[in-house]
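What follows is a single structure, written as structure tokens, with notes after it.
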Amino acid sequence: MTQPPPEGFGAPYDPPPAPGYGYPPRQPGPYTQPGPYTQPFGPQSGHPYPAQPGYGYPAQPGQGYPAQPPTVPMPGGPAGTGGGGGRLTGRTGMVVGAVLAVLLLAGGGVWLATGDGGDGKKPVAGPSGDGGERGASPTEDTEDGKDDDKGVAGPTAAELDAGRKPGEAKVAWLAENGVDLPEYGEETHGPWFAGGIVAKGMYRKVTGYAITGGAEKWSLRLPTDLCASPSAATADGKVVVGIEDNVSEKEASCSVLQMIDLRTGKAGWRKTVDRAAIQDGLSNVAMSISGDTVTFGRNTASNAFRVSDGEELFGRREGACQPFAFTGGDRMIAAVTCQAEPSDPVRQQVQEVDPVTGAPKWTYELQPGWSVAHVYSVSPLVISVQQPEKSTVVVLNDDGTYRSQMVGGAGGYGVRCGGESVGTGGNLDGCAGVAADAERFYLSALPATGSGARTNAVVAFDLATGKSVWRSPAPAGRLLFPLRTEDGKVLVHLEALYREGGEIGTLEPSTGTYATLLKHPASAAGTESSLFAPKVVYRDGRSYLLPRRISLDEDEEEKAATAVLVFGE
């Protein structure tokens, strides 16, 4: 069914984050704490969503900041080298220019801290886990960037637990990165769970750890860089990742699919997707897994394969409308672009599709000029849509008809996604800072500015009307992010400070009242707060934290940096 939104759909919003979000520069030092956000919409003031100065963007000329970013030379050196240089690629496999730390600092996109982080040590390293301390790590050759002579080591879980106070959770285990990464670092892929294994990908390796104890159970080396991955694995513990092909010193194509059995660490089938067309080769890759189907979406074409055996299920459609990204999980929602001729205006649609055949079940057509940015929830269906300088959040009924649109409250809103939109980076799903239940949508607000304290709030919206119903502020100086809804509560993550551990908590859906569920120890706050914009999963009474990206000045610190941090019994 097709039903356009009412007149006035959408509105001006804040400028998107600085270019290259998800690929920040090498961090200036061990105390750097970036804060990437996207901003769906702003406060009411005459027009429903008036524009306001952008968070994460440099100020306009005349405010003490440069109007244009300075020119930065591209890093040199052969492909696959360590921190000293090398080819720098993004999700599309094309060369990505360096982003200046000073530019992000000027725009407020990086937070700097002072002090030692509370545990008396530089918060840049964390050891592998084995029974709560160090885990065994297989010896690997230098092709993988492994170098056992690190010269830098972080505190063990036992050392961090030595300062634990009553009521605080145990540091179950830590795992270190252990790899000398290319210049400007690399993005973390995962975490993915399979039985007693939690796995993550980094650079040219996927590693599986024992959920209990954290021992490294397997490590799978890849021939080239990881360049794309889905947010979740299959129910039987398989994942398909994108790796690079046609690698040269200056560029590479994200075009090879590799299936991995997460229970054993064994590589399965491998396929190369034809991305020879210029527009295809330039477009972002978005991946998802729904049932036994993995999708490999791009701006001009998409392909879907059976995870179990690699058989292609569907590909490019007939006609002018082509899906370019899909959600994973229980419902496969597609973002679709329609353009018959290059000179025609682009129209976009949202569809629910059959994960086996790719056939649409219904179609919702956006107004001209609007595009799909992200899908925040598939059940209920909550979608972020945008124009170049406008954005809003739309709720659809299960049959694809329009239900409501979020009405902005005071302040802007911030979500952590793989990029400003699926078209410019990351996946269609998998955003942090959002959650939904049958009646309400929960969204993290941007930190308040001007007071010096980075404090935000969670705002609840009525799905039937789009109006905000309550606002639950984080404690002073803290940041609060919804994770999901569970057991009738809103599960949230309260980020760590440098001397205060983070928390997993809940919000009461009717009132927004906060309650602590799992309190991370203050003795580990330095290590916890060093994780860049952490991915957080709460599962079976434990919290798993992974940095979205690892990038440090010194190779030794980079290898010793915490890659997985787990709290709970």
Side-chain angles (χ1 to χ4, degrees), residues 10-25 34-42 49 51-60 69 89-92 94 96-100 103-104 106-110 184 187 227-228 231 254 282-288 297-299 324-327 335 337 346 348 350 366 369-377 382-394 406 408 411-434 443-447 456 481 532-533 535 548-549:
Y13 82 139
D14 304 317
Y21 163 65
Y23 298 88
Y37 289 95
T38 60
Q39 284 192 104
F41 51 98
Y49 313 114
Q52 58 181 343
Y55 181 85
Y57 242 19
Q60 295 300 312
T89 61
R91 284 186 177 271
T92 63
M94 304 306 291
V96 179
V99 182
L100 285 184
L103 180 61
L104 289 179
V110 176
Y184 304 106
E187 179 183 358
C227 53
S231 303
C254 188
L282 291 172
S283 67
N284 172 60
V285 170
M287 295 188 69
S288 69
R298 289 98 67 212
N299 288 351
F324 61 90
F326 303 82
T327 64
T337 290
V346 176
Q348 288 205 359
V350 177
L366 274 63
W370 288 87
S371 62
V372 180
H374 293 101
V375 174
Y376 290 151
S377 168
V382 184
I383 303 167
S384 169
V385 297
Q386 64 181 208
Q387 287 185 335
E389 294 185 357
K390 301 180 182 180
S391 180
T392 191
V393 177
V394 173
M406 300 298 109
Y413 297 91
V415 219
R416 286 176 174 169
C417 302
E420 180 214 341
S421 71
V422 67
T424 59
N427 291 332
L428 185 61
D429 58 6
C431 293
V434 293
L443 183 64
S444 59
L446 286 172
N456 77 337
F481 291 92
F532 166 59
K535 300 179 181 181
R548 289 182 184 270
R549 190 174 184 82

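We count residues from 1, following the sequence as given.
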>> Determine whether V393 and V382 satisfy the following criterion, side chain to side chain contact (heavy atoms under 4.5 Å, CB included), listing intermediate values before the conclusion.
In response: CA-CA 7 Å; V393 177; V382 184; 3.4 Å; yes
>> T392 vs V385, test: side chain to side chain contact (heavy atoms under 4.5 Å, CB included). Steps then yes/no.
In response: CA-CA 6 Å; T392 191; V385 297; 3.6 Å; yes
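- Among residues two or more places apart in sequence or in another chain, the side-chain hydrogen bond (donor to acceptor under 3.5 Å, both in side chains) test is passed with S371 by none.
- When all heavy atoms are compared, the tightest approach of V285 to A228 is CG1-CB, 3.7 Å.
- In this structure, CD1 in I383 is found 12.5 Å from NE2 in H374, a value given to the nearest 0.5 Å.
- Atom CH2 of residue W370 and atom CD of residue Q387 lie 4.5 Å apart, to the nearest 0.5 angstrom.
- Listed for the Q348 side chain is a donor-acceptor partner under 3.5 Å among the backbone atoms of V372.
- Legend: residues meeting side-chain hydrogen bond (donor to acceptor under 3.5 Å, both in side chains) with T327, ordered by chain and number and at least two apart, are absent.
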> Could you walk me through whether N456 and L446 pass the side chain to side chain contact (heavy atoms under 4.5 Å, CB included) check?
Replying inline: CA-CA 6 Å; N456 77 337; L446 286 172; over 6 Å; no
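- R548 places no side-chain N or O within 3.5 Å of a backbone atom of F532 that could act as its donor or acceptor partner.
- Between A373 and E420, the shortest heavy-atom contact is CB-O, 4.3 Å.
- Minimum heavy-atom separation, A286 to N427: CA-OD1, 3.4 Å.
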>> Determine whether C431 and R416 satisfy the following criterion, side chain to side chain contact (heavy atoms under 4.5 Å, CB included), listing intermediate values before the conclusion.
In response: CA-CA 6 Å; C431 293; R416 286 176 174 169; over 6 Å; no
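- Atom OH in Y413 sits 10.5 Å away from atom OG in S444 (nearest 0.5 Å).
- Remark: of the listed residues L428, N299, D429, L428 is the sole one forming a side-chain contact (heavy atoms from CB on, under 4.5 Å) with V422.
- Geometrically, R298 does not engage F324 in a cation-pi contact defined by less than 6.0 Å to the ring centre and at most 45° from the axis.
- Atom CE of M287 and atom SG of C254 lie 8.0 Å apart (nearest 0.5 Å).
- Residue K535 holds its NZ atom at 8.0 Å from OG of S231, rounded to the nearest 0.5 Å.
- Counting heavy atoms from C-beta on, the side chains of V346 and T337 come closer than 4.5 Å.
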